[in-house]
Chemist: 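Before I ask anything, here is the structure I am working with.
Throughout, protein chains are lettered first and strands after them, A, B, ... in sequence-line order, and every chain is numbered starting at 1.
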Number of protein chains: 2
Amino acid sequence: MKDVASAAGVALKTVSRVVNGEPGVHPGTAERVREAIELLGYSRNESASVLRSGRTATVGLVIEDVADPFYAVLSRAVEDVTTGYGCMLLSGSSSEDPVRERELVGAFCARRVGGLIVVPAGADHSYLRPELEAGTPAVFVDRPPGPGLDVDTVLTDNAGGAGLAVRHLLGHGHTRIAFLGDEPSIFTAARRLHGFRAALGHLFDERLVAMRTPTPAGVRADVDRMLALDAPPTALFTGNGRLTVTALRALAGRLPALVGFDDFELADLLVPGVTVVAQDPAQMGRVAAELLFRRMHGDTGPSEHPLLPVRLIPRGSGELPA
Amino acid sequence: MKDVASAAGVALKTVSRVVNGEPGVHPGTAERVREAIELLGYSRNESASVLRSGRTATVGLVIEDVADPFYAVLSRAVEDVTTGYGCMLLSGSSSEDPVRERELVGAFCARRVGGLIVVPAGADHSYLRPELEAGTPAVFVDRPPGPGLDVDTVLTDNAGGAGLAVRHLLGHGHTRIAFLGDEPSIFTAARRLHGFRAALGHLFDERLVAMRTPTPAGVRADVDRMLALDAPPTALFTGNGRLTVTALRALAGRLPALVGFDDFELADLLVPGVTVVAQDPAQMGRVAAELLFRRMHGDTGPSEHPLLPVRLIPRGSGELPA
DNA sequence: CGACCGCCGGACAACGTTGTCAAGGGCCTG
DNA sequence: CAGGCCCTTGACAACGTTGTCCGGCGGTCG
């Protein structure tokens, strides 16, 4: 910048003004400065700018895994909103590891992000308190923070969605409905189990519930065990997209009625089409990002907790008779 | 940091030494400093650190769209390697827009990233020259840079893969093979067309080629036109994952033999299973990232251009007879 | 017992930018 | 014609950290 200033024959500050589009610079001067910038291939040092001004125009996003289509779509939505506000997005995958989550948040804060969007992996987020008090807003997405932290959240109606699925299957005559879910320590899995149980009422049977990290072998074992019962299930409710796909492979043709939580590409092309309770990850990302930017722009109202609706999409597998 | 220093009763520099794990600090002093850090919830200001030292421990990644599973997996692989080297990953989606690509690269450079991994959208990358000369290495992935830029690339054997697909179909008796590809201005699409044409030789028929951005309506029109020919194709080669899926929908049961470029989840569960020529996006990301880190660590050898192999996975759709 | 050496801690400048404040010059108004 | 105001420009300090250099203290060797 010093070089640009001397090349254009002006003071440092004038170059700074031009670079930042501040008013009060003679158009001719500005043009000369711009030429010098072009000529020298100058690019502003963001670090120095941040250091001096305290502003970063950066937002941090912690998700579970970018390679998971659900979070990939969510990321993209957040990125689009962020870009729309002239900000950059920093993101990282926690791999469901609380330690990694905390490292990522720490790295983002050290880079002085203006705000955080977090899909939490851990159960304790007291480490965030200093940042929140320092004025860095945070929005929790898909799962709430640990106890004692009053921040905005954007959650899906997990229990309601599970209820929707169960009632749909009940409506097609099923009374033996099984549930395959993720680890019960994961918030969404627990909420979906809750909704499942509540909608089934006295029809709930513990033997028809299996909750674990969805590995092919594990899911196959669960499916085999359930199908071998004296009174096997006639319908299956799978608790997330990965489980639905894993279960379809494990079933290998022995297809009971099936409704899955989460939509996925090609669900419509399978035979039969897979009926799902669909969330909208892009909407989730947009809502969270917009909320975050409102906070970053100074909205200090009480914390908000929008609950996003789900939608049942019948495609065939959920409409098979009992 | 100043506060930490006075709380611990030491000088600024000593705190700096502790934070950076530099030698030459009495263990007891270091412990006192760490306690003060913990107590005050201090976190180093990365901007100031970068400004002073010039080092960033950050890598920039420009891809086409995080929400695309191919790039999502690639991103994750790059992120894992980056994390392994103690670096942070900055990434952004260009949406196939050269202007956006350039903006992203500019933003990354302004943040003084240590290196760049780019899936280029544009055809001219001379704007990168100053950065490269300034010592910021770059690796181009999936597509080469515009002419006149001597940088590392990591590409897939696109033409070879297309040839593999065509010979597979020829081997099952097909002589009328159609090609649906993306915009020919996209490098990979052009290379795949090239391989397709070369492998077909005199059997190549221009009426059986359609190249465009894969919209459902457009692909349907292409498919309808080809199937209505006097001598319709008996086999179809689709030029990327998105096209394969779009074509499957457009075909709606009128299924000729089909081989797709790119593997995709559930390809094995469709009926028949979809035969594909599979790339390995994770490997692509890893190779590119490792190469970049070698450059960042000072390897100044001649530019490298690994060509990643592809693999034909027969699943049924490519083995249908003519 | 004295001098030298090594180890540890501290003072200070500098990184590149921007906020503050002030000064110069031209133009409008009284 | 003079005074004042606005527009444009510039000088300077400060942001938080780290590299450089120096000083003091204790131990060891001659």
Chemist: Which is more 5' along DNA chain C, the nucleotide nearest A:Ser53 or the one nearest B:Pro23? Just name the residue.
Modeler: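 Residue closer to the 5' terminus by nearest nucleotide: B:Pro23.
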Chemist: Give every donor-acceptor pair under 3.5 Å between a side-chain atom in residues 292-304 of chain B and any protein atom, sequence neighbours left out.
Modeler:
{"from": "B:Arg294", "atom 1": "NE", "to": "B:Asp299", "atom 2": "OD2", "distance (Å)": "3.2"}
{"from": "B:Arg294", "atom 1": "NH2", "to": "B:Asp299", "atom 2": "OD2", "distance (Å)": "3.1"}
{"from": "B:Arg294", "atom 1": "NH2", "to": "B:Glu304", "atom 2": "OE1", "distance (Å)": "3.4"}
{"from": "B:Arg294", "atom 1": "NH2", "to": "B:Glu304", "atom 2": "OE2", "distance (Å)": "2.4"}
{"from": "B:Arg295", "atom 1": "NE", "to": "B:Asp152", "atom 2": "OD2", "distance (Å)": "2.7"}
{"from": "B:Arg295", "atom 1": "NH1", "to": "B:Asp299", "atom 2": "O", "distance (Å)": "3.1"}
{"from": "B:Arg295", "atom 1": "NH1", "to": "B:Asp299", "atom 2": "OD1", "distance (Å)": "3.3"}
{"from": "B:Arg295", "atom 1": "NH1", "to": "B:Gly301", "atom 2": "O", "distance (Å)": "3.0"}
{"from": "B:Arg295", "atom 1": "NH2", "to": "B:Asp152", "atom 2": "OD1", "distance (Å)": "2.9"}
{"from": "B:Arg295", "atom 1": "NH2", "to": "B:Asp152", "atom 2": "OD2", "distance (Å)": "3.4"}
{"from": "B:Arg295", "atom 1": "NH2", "to": "B:Pro302", "atom 2": "O", "distance (Å)": "3.0"}
{"from": "B:Asp299", "atom 1": "OD1", "to": "B:Gly301", "atom 2": "N", "distance (Å)": "2.8"}
{"from": "B:Ser303", "atom 1": "OG", "to": "B:Asp150", "atom 2": "OD1", "distance (Å)": "2.7"}
{"from": "B:Ser303", "atom 1": "OG", "to": "B:His305", "atom 2": "NE2", "distance (Å)": "3.0"}

Chemist: To the nearest angstrom, how far is A:Leu12 atom CG from C:dG19 atom P?
Modeler: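 That distance rounds to 14 Å.
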Chemist: Considering non-hydrogen atoms only, spot the tightest contact between B:Val105 and B:Val62 and give its length.
Modeler: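 Taking every non-hydrogen atom into account, CG2-CG2, 4.0 Å.
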Chemist: Are any non-hydrogen side-chain atoms of A:Tyr71 and A:Arg76 less than 4.5 angstrom apart?
Modeler: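 They are not in contact (no side-chain heavy atoms under 4.5 Å apart), so the answer is no.
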Chemist: Using distance alone, with no hydrogens and no angle criterion, decide if A:Ser93 and A:Glu64 have a side-chain donor and acceptor under 3.5 Å apart.
Modeler: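 There is no such pair between these side chains.
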Chemist: So, A:Arg44 and A:Asn20: side-chain donor and acceptor under 3.5 Å apart, yes or no?
Modeler: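 Present: a donor and an acceptor within the cut-off.
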Chemist: We want to know whether B:Asp97 and B:Ser95 form a side-chain donor-acceptor pair, criterion being a heavy-atom distance below 3.5 angstrom.
Modeler: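 The criterion, which ignores hydrogens and geometry beyond distance, is not satisfied for B:Ser95 and B:Asp97.
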Chemist: Indicate the atoms forming the closest heavy-atom contact of A:Pro120 with A:Pro144, along with that distance.
Modeler: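 Of all heavy-atom pairs spanning A:Pro120 and A:Pro144, the closest is CG-O, 3.5 Å.
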Chemist: Taking DNA chain C as the partner, which of residues 25-32 of chain B come within under 4.0 angstrom of it by heavy atom?
Modeler: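 Listed by number, they are B:Val25, B:His26, B:Thr29.
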Chemist: Heavy atoms only: give me the nearest A:Glu79-B:Val66 pair and the separation to one decimal.
Modeler: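 Heavy atoms of A:Glu79 and B:Val66 come nearest at OE1-CG2, 3.5 Å.
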Chemist: Using a 4.0 Å cut-off on heavy atoms, which residues in residues 36-45 of chain A reach DNA chain C? List them by number, or say none.
Modeler: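 Nucleic-acid contacts, sorted: A:Tyr42, A:Arg44, A:Asn45.
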Chemist: For DNA chain D, whose closest nucleotide is more 5', that of B:Arg52 or that of A:Ala11?
Modeler: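 Looking at the nearest nucleotide for each, A:Ala11 comes out on the 5' side.
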Chemist: For B:Thr82 and B:Met88, indicate whether the former's side chain and the latter's backbone hold a donor-acceptor pair under 3.5 Å.
Modeler: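 Between the backbone of B:Met88 and the side chain of B:Thr82 there is no qualifying donor-acceptor contact (under 3.5 Å).
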Chemist: Do the side chains of B:Val139 and B:Val151 get nearer than 4.5 Å, heavy atoms only?
Modeler: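 Counting from C-beta outward, B:Val151 and B:Val139 never come under 4.5 Å.
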Chemist: Reading DNA chain D in the 5' to 3' direction, which nucleotide is the first one with an atom under 4.0 Å from a heavy atom of chain A, and which is the last?
Modeler: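 The protein-touched segment is D:dT8 to D:dG16.
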Chemist: Using a 4.5 Å cut-off on heavy atoms from C-beta on, say whether the side chain of B:Ile117 contacts that of B:Ile63.
Modeler: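 No, their side chains stay 4.5 Å or more apart.
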Chemist: A:Leu90 and A:Thr58: which non-hydrogen atoms are nearest, and at how many Å?
Modeler: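 Distance-wise, the nearest heavy atoms are CD1-CG2, 3.7 Å.
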Chemist: B:Arg111 versus B:Thr56: any side-chain heavy-atom pair under 4.5 Å?
Modeler: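 B:Arg111 does not reach B:Thr56 side chain to side chain.
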Chemist: The helix from C:dC1-D:dG30 to C:dG30-D:dC1: angle between its terminal axes, five pairs each, to 10°?
Modeler: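 It works out to 40° between the end axes.
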Chemist: Salt-bridged, B:Glu103 to B:Arg100, with N to O below 4.0 Å?
Modeler: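 Result for this pair is yes, salt bridge flagged.
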Chemist: With a non-hydrogen cut-off below 4.0 angstrom, is A:Val50 in contact with a base, only sugar-phosphate, or nothing?
Modeler: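 No contact.
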Chemist: Classify the nucleic acid contact of B:Val10 as base, sugar-phosphate or nothing, counting any heavy atom under 4.0 Å across all strands shown.
Modeler: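 Sugar-phosphate contact only - B:Val10 comes under 4.0 Å of backbone atoms but never of a base.
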Chemist: Looking at B:Thr14, does any N or O in its side chain come under 4.0 Å of the phosphate oxygens OP1/OP2 on C:dG9?
Modeler: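 Indeed not, no polar side-chain atom of B:Thr14 lies that close.
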Chemist: Determine whether the side chains of B:Thr156 and B:Asn158 contain a donor N or O and an acceptor N or O closer than 3.5 Å.
Modeler: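 Side-chain D/A pair, B:Thr156 to B:Asn158: absent.
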Chemist: Could you tell me whether A:Ser16 contacts a base, only the sugar-phosphate backbone, or nothing, with contacts defined as non-hydrogen atoms closer than 4.0 Å?
Modeler: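 The residue A:Ser16 makes base contact.
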Chemist: Give the minimum heavy-atom separation between B:Glu183 and B:Ala189, together with the two atoms involved.
Modeler: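 Heavy atoms of B:Glu183 and B:Ala189 come nearest at O-CB, 3.4 Å.
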Chemist: Taking only heavy atoms on the protein side, list every residue of residues 107-115 of chain B lying under 4.0 Å from any atom of DNA chain D, sorted numerically.
Modeler: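 Within this stretch, nothing sits under 4.0 Å of the strand.
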